[in-house]
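Model, not experiment: these values are computed from the prediction. When reading the values below, keep in mind they use all heavy atoms of this one structure, side chains included, and skip hydrogens, waters and symmetry mates.
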Amino acid sequence: MSDATRLSVFKTYKLYVGGKFPRSESGRVYEVSDSKGNWLANAPQSSRKDARDAVVAARKAFGGWSGATAYNRGQVLYRVAEMLEGRKEQFVREVAEAEGLSKAKAAAVVDAAIDRWVWYAGWTDKIAQVVGGANPVAGPYFNLSSPEPTGVVAVLAPQDSSFLGLVSVLAPVIATGNTAVVVASAKAPLPALSLGEVLATSDVPGGVVNILSGATAELGAPLAAHQDVNAIDLAGADAELAKELEIAAADNLKRVLRPQPVDYTATPGTDRLTALLETKTVWHPTGALGASGSSY
C-alpha cells in the first residue's frame, strides 16, 4: 500500500486514574483545537464522579508513596525525565499545536519541562534538611522537627502553559510524598493526557498521579469541597473561580495555594515544595545530665 492511500491512526486520548486509562464515566468528550482553530482530537470531558474516583485512587496510593524513601522517590522522578527524553518529539509536536509555538520554541519548552523533573528529583532527599532539623531547647531534651507530606493534593494546572506549567505544579507535589489529582488545562489538555502514558511506564505507582481533562470549574468544585482532599493548588483558576473554590476548601481546612503570576521558565525555588508539607516535632529526653553537662 502506498503512503498516498494509507489512513493515519488517530490517537484516542484517555484519562489517567489509578494507574489505568479509563474514558470518562459520563461518556462525554469535547473537541480540542490548535491555536488556529483546527481540530486536533476529542478529549474526555470528566465528570464529578471521575473526580471522586481520582481522589479514591490518590488516597489508596498515599500510604505506599509517602512511606517510600525520599531517595527512591527521587529515582522515580528522574525516571520520568528519562522517559520524556525518549518521547521528546511527540511532546514537541503536541506543545507546538497546543500553544501555537514554533517547533524550536516548543522544543525549548519540552527541554525545560524535562529539566524540571530532574530539578525536583534532586530535592526529594534534601528538602528535609532545609525545613527540618534539631531545635535548641532549654532542658535535657532532643527536639527534632521533620517534614511530612500533607496528603492528597488537587491541582488545577495552568491554562496557558500546557506542559511546562503542568510539570512545574505537579512535580513538587509528588516529590515530597503527596499524591495528586490533576485537572489539565481545559483548552490544551493533550500534553497532560500524554504525560499520563509516560508516568505509567516510569515506575510511578498507580494512583500517585491522576490526570483529568474537562471544564476546570466543573471539576474544581467537587475537589475543593471533597473531605478527603488535603490541599488544593488553584494555579489554573481565574480570580472569580479561585474565590469560590477557596471558600469551599475552608470546610475541611484544606491548604490553599492561591493563583499568582508565575514565570514557569525561571528556575523554581522551594516554595511549592514547602507549601505542601506538614512539620512533625518530636521531644525526647537526653538522659540524666552529669556534673560536666554530658548526658551520657
So does [X] have more than 12 non-hydrogen atoms from other groups sitting under 6.0 Å from [atom1]?
X: Lys105; atom1: NZ; value: no
X: Lys243; atom1: NZ; value: no
X: Tyr78; atom1: OH; value: no
X: Glu240; atom1: CD; value: no
X: Arg23; atom1: CZ; value: no
X: Glu278; atom1: CD; value: yes

Next item on the list: Let me see the working for Val169 and Arg272 under side chain to side chain contact (heavy atoms under 4.5 Å, CB included), right down to the final yes or no.
Entry: CA-CA 7 Å; Val169 297; Arg272 289 188 179 274; 3.7 Å; yes
So, for [X] and [Y], which heavy atoms are closest and what is the spacing to 0.1 Å?
X: Arg116; Y: Ala266; answer: NH2-O, 3.3 Å
X: Ala237; Y: Ala242; answer: CB-N, 4.0 Å
X: Val167; Y: Pro172; answer: O-CD, 4.0 Å
X: Ala180; Y: Leu170; answer: CB-CD1, 3.7 Å
X: Thr176; Y: Pro149; answer: O-CB, 3.4 Å

Margin query: Using the rule given for side chain to side chain contact (heavy atoms under 4.5 Å, CB included), can you reason through Gln75 versus Asp125, listing the C-alpha separation, both sets of side-chain angles and the distance that settles it, and then say yes or no?
Written below: CA-CA 10 Å; Gln75 290 177 308; Asp125 58 355; over 6 Å; no
Taking [X] for the side chain and [Y] for the main chain, is one N or O donor matched with an acceptor at less than 3.5 Å?
X: Thr179; Y: Val208; value: no
X: Tyr16; Y: Leu195; value: no
X: Asn178; Y: Leu276; value: yes
X: Asp50; Y: Ser24; value: no
X: Gln45; Y: Gly214; value: no
X: Ser202; Y: Val204; value: no
X: Asp251; Y: Ala248; value: no
X: Thr286; Y: Pro140; value: yes

Find the distance between [atom1] ([X]) and [atom2] ([Y]) and round it off to the nearest 0.5 Å.
X: Thr216; Y: Leu234; atom1: OG1; atom2: CG; answer: 11.0 Å
X: Asp228; Y: Leu223; atom1: CG; atom2: CG; answer: 11.5 Å
X: His226; Y: Lys254; atom1: NE2; atom2: NZ; answer: 8.5 Å
X: Arg48; Y: Ser26; atom1: CZ; atom2: OG; answer: 13.0 Å
X: Asn42; Y: Leu40; atom1: CG; atom2: CG; answer: 10.5 Å

Are side-chain heavy atoms of [X] and [Y] found at a separation under 4.5 Å?
X: Ile211; Y: Glu197; result: no
X: Leu277; Y: Ile127; result: yes
X: Pro44; Y: Leu193; result: yes
X: Thr267; Y: Trp119; result: yes
X: Tyr13; Y: Ser213; result: no
X: Val76; Y: Ile174; result: no
X: Leu15; Y: Ser46; result: yes
X: Leu156; Y: Leu245; result: yes

Lys/Arg N to Asp/Glu carboxylate O, [X] vs [Y], below 4.0 Å:
X: Lys88; Y: Asp111; value: yes
X: Glu148; Y: Lys280; value: yes
X: Asp233; Y: Arg255; value: no

Same cluster for [X] and [Y] if Ile/Leu/Val/Met/Phe/Trp/Tyr side chains link at under 4.5 Å?
X: Phe62; Y: Val155; answer: no
X: Val131; Y: Leu144; answer: no
X: Leu241; Y: Val183; answer: yes
X: Val109; Y: Ile114; answer: yes
X: Val209; Y: Val118; answer: no

Checklist line | Parallel, tilted or perpendicular: ring planes of Trp283 versus Tyr141, cut at 30 and 60 degrees | finding: perpendicular
Next item on the list: Tell me yes or no: between the side chains of Ser162 and Glu99, is some donor less than 3.5 Å from an acceptor?
Entry: yes
Checklist line | Side-chain donor-acceptor pair present, Thr281, Ser145, cut-off under 3.5 Å | finding: yes
